[in-house]
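Structure, as structure tokens:
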Amino acid sequence: MDRDSRKIVIALDGHSSCGKSTFAKAIAARLGYIFIDTGAMYRSVTLYALENGGIVDGIVDEDAIVALLDQIEITFRFNPTRGASDIYVNGELVEGKIRTIEVSNFVSAVSSIAAVRTKLVAMQQQMGRKRGVVMDGRDIGTVVFPDAELKIFMTAEPKVRAERRYAELKAKGDDVCFEEILENVIARDKADSTRAISPLRKADDAIVLDNSYMTVEQQMEWFDAQLARVLSL
Ligand code: DC
């Protein structure tokens, strides 16, 4: 097939806060592909649950969240300033509201609810049906697109990831504590990898990218080599 016109699915899975979104955005821009941040979708459902009685006093009410699902309409709109799509819930832009520590603390619990996953996985498959997407998440190469042509499993040391997240939140002006962030990173790794449904795991045919001590440029060089290999198959 023609190397340049052949559109593929790039599945990007891995641990939280290891720069998946930055990497995915850069790849998508380079290839003219659509970037889909599936974590933002799970975060949006979590936010909606927090605001509409699905999580009360720190208790995640599974039945209530399942009952809320039909009311949640998630859409993406491309934002040229960010070079990525912003996420909307029922028409409301929630990009800023979904990245708080409160949402982060509950998102693993919400994303382990079977009905939540069924709804979001179906949406993701629909969005990638024409290929030409870079989809970032936890189960893209294993569940959403097991037939993805290129599967990357991204990781970095927990301390390095917490440092990056800390700097990001500080830059936004959030009053955050490093220890709390490190705990959240470790707790989410554990919850994501051990949950019963679609746990985070490397697909057998995924290639590992540990970017603990890599610059963005080095990661892009690595990616170019992987892409060339896949397209020459
Ligand atoms: O990528 P992120 O940190 O924004 O993702 C937030 C949470 O959503 C993460 O703790 C796990 C969950 N998630 C998931 O279960 N499946 C996905 N495909 C993407 C994210």
Side-chain angles (χ1 to χ4, degrees), residues 9-25 35-50 54-55 60 62 65 69 72 74 76 82 84-87 89 94-128 133-146 148 151-156 158 160-162 164-166 168-169 172 181-203 206 209 211:
V9 169
I10 300 175
L12 192 57
D13 292 305
H15 291 112
S16 63
S17 305
C18 63
K20 285 199 305 296
S21 295
T22 308
F23 183 64
K25 229 169 22 176
F35 158 53
I36 299 161
D37 175 358
T38 63
M41 298 168 77
Y42 289 94
R43 288 175 177 275
S44 294
V45 173
T46 305
L47 175 71
Y48 194 85
L50 279 162
I55 302 170
V60 176
E62 240 186 84
I65 293 174
L69 280 179
I72 309 176
I74 294 174
F76 286 96
R82 261 188 355 108
S85 295
D86 286 336
I87 193 160
V89 173
V94 293
E95 221 22 81
K97 284 166 99 178
I98 59 171
R99 316 250 173 224
T100 61
I101 195 92
E102 192 188 17
V103 170
S104 296
N105 284 337
F106 290 106
V107 67
S108 284
V110 172
S111 61
S112 67
I113 300 171
V116 171
R117 301 206 73 83
T118 303
K119 177 181 166 116
L120 297 188
V121 166
M123 272 187 74
Q124 291 152 13
Q125 289 172 334
Q126 178 66 13
M127 289 188 282
V133 294
V134 181
M135 202 170 276
D136 136 17
R138 302 293 189 286
D139 58 343
I140 311 305
T142 51
V143 175
V144 183
F145 283 103
K151 297 182 186 177
I152 299 170
F153 189 88
M154 239 173 130
T155 190
V160 172
R161 288 187 275 139
R164 291 176 187 163
R165 188 104 193 95
Y166 178 79
E168 209 176 279
L169 291 168
K172 270 201 332 189
I181 292 175
L182 181 59
E183 270 170 35
N184 179 264
V185 164
I186 293 169
R188 278 209 287 156
D189 281 0
K190 182 150 184 258
D192 293 347
S193 312
T194 57
R195 69 173 174 228
I197 313 159
S198 301
L200 169 65
R201 73 170 180 83
K202 184 183 104 49
L209 171 61
N211 71 359

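Read the numbers this way: they start at 1 and go in the same order the structure lists the ligands and their atoms.
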**Heteroatom distance test (S16, ligand 1): nitrogen or oxygen, under 3.5 angstrom** = no
**Message:** Residue-level breakdown please: for R195 versus ligand 1, do any non-hydrogen atoms fall below 4.0 Å on the side chain, on the backbone, on both, or on neither?
**Reply:** side chain
**Asked** Step by step, would you call M127 with F76 a side chain to side chain contact (heavy atoms under 4.5 Å, CB included)?
**Response** CA-CA 10 Å; M127 289 188 282; F76 286 96; 3.9 Å; yes
**Item:** Rounded distance (nearest 0.5 Å) linking atom CG of L47 with atom OG1 of T100
**Value:** 7.5 Å
**Item:** Basic-acidic side-chain contact under 4.0 Å: R99, E168
**Value:** no
**Message:** Using a 4.0 Å cutoff against the non-hydrogen atoms of Y42, which atoms of ligand 1 qualify?
**Reply:** 8 (O), 13 (N), 14 (C), 16 (N), 17 (C), 18 (N), 19 (C), 20 (C)
**Message:** S198 and side-chain contact (heavy atoms from CB on, under 4.5 Å): which single residue from T142, V144, D139 fits?
**Reply:** D139
**Asked** What distance do F153 atom CZ and L200 atom CG have between them, rounded to the nearest 0.5 Å?
**Response** 4.5 Å
**Item:** Polar atom proximity, K20 to ligand 1 (N or O, under 3.5 Å)
**Value:** no
**Prompt:** Would one find an N or O of T38, backbone or side chain, under 3.5 Å from an N or O of ligand 1?
**Reply:** yes
**Request:** Please write down residue, atom name and distance for the protein heavy atom closest to atom 1 (O) of ligand 1.
**Result:** R138 NH1, 3.0 Å
**Request:** Hey, could you give me the NZ/CD distance between K97 and E102, rounded to the nearest 0.5 Å?
**Result:** 11.0 Å
**Request:** Please determine if R43 has a nitrogen or oxygen closer than 3.5 Å to a nitrogen or oxygen of ligand 1.
**Result:** yes
**Min N/O separation R117 to ligand 1 under 3.5 Å** = yes
**Message:** I need the atoms of ligand 1 closer than 4.0 Å to a non-hydrogen atom of S108, numbered in the order shown.
**Reply:** 10 (O)
**Request:** Report yes if some N/O of R188 lies less than 3.5 Å from some N/O of ligand 1; otherwise report no.
**Result:** yes
**Prompt:** By number and element, which atoms of ligand 1 are closer than 4.0 Å to a non-hydrogen atom of S111?
**Reply:** 12 (C), 15 (O)
**Prompt:** Are any of the N/O atoms in D139 less than 3.5 Å from those in ligand 1?
**Reply:** yes
**Request:** Say whether, by atom type as modelled, one donor and one acceptor occur between the side chain of R117 and the main chain of S111 under 3.5 angstrom.
**Result:** yes
**Asked** Out of curiosity, D192 CG to S108 OG, how far, rounded to the nearest 0.5 Å?
**Response** 4.0 Å
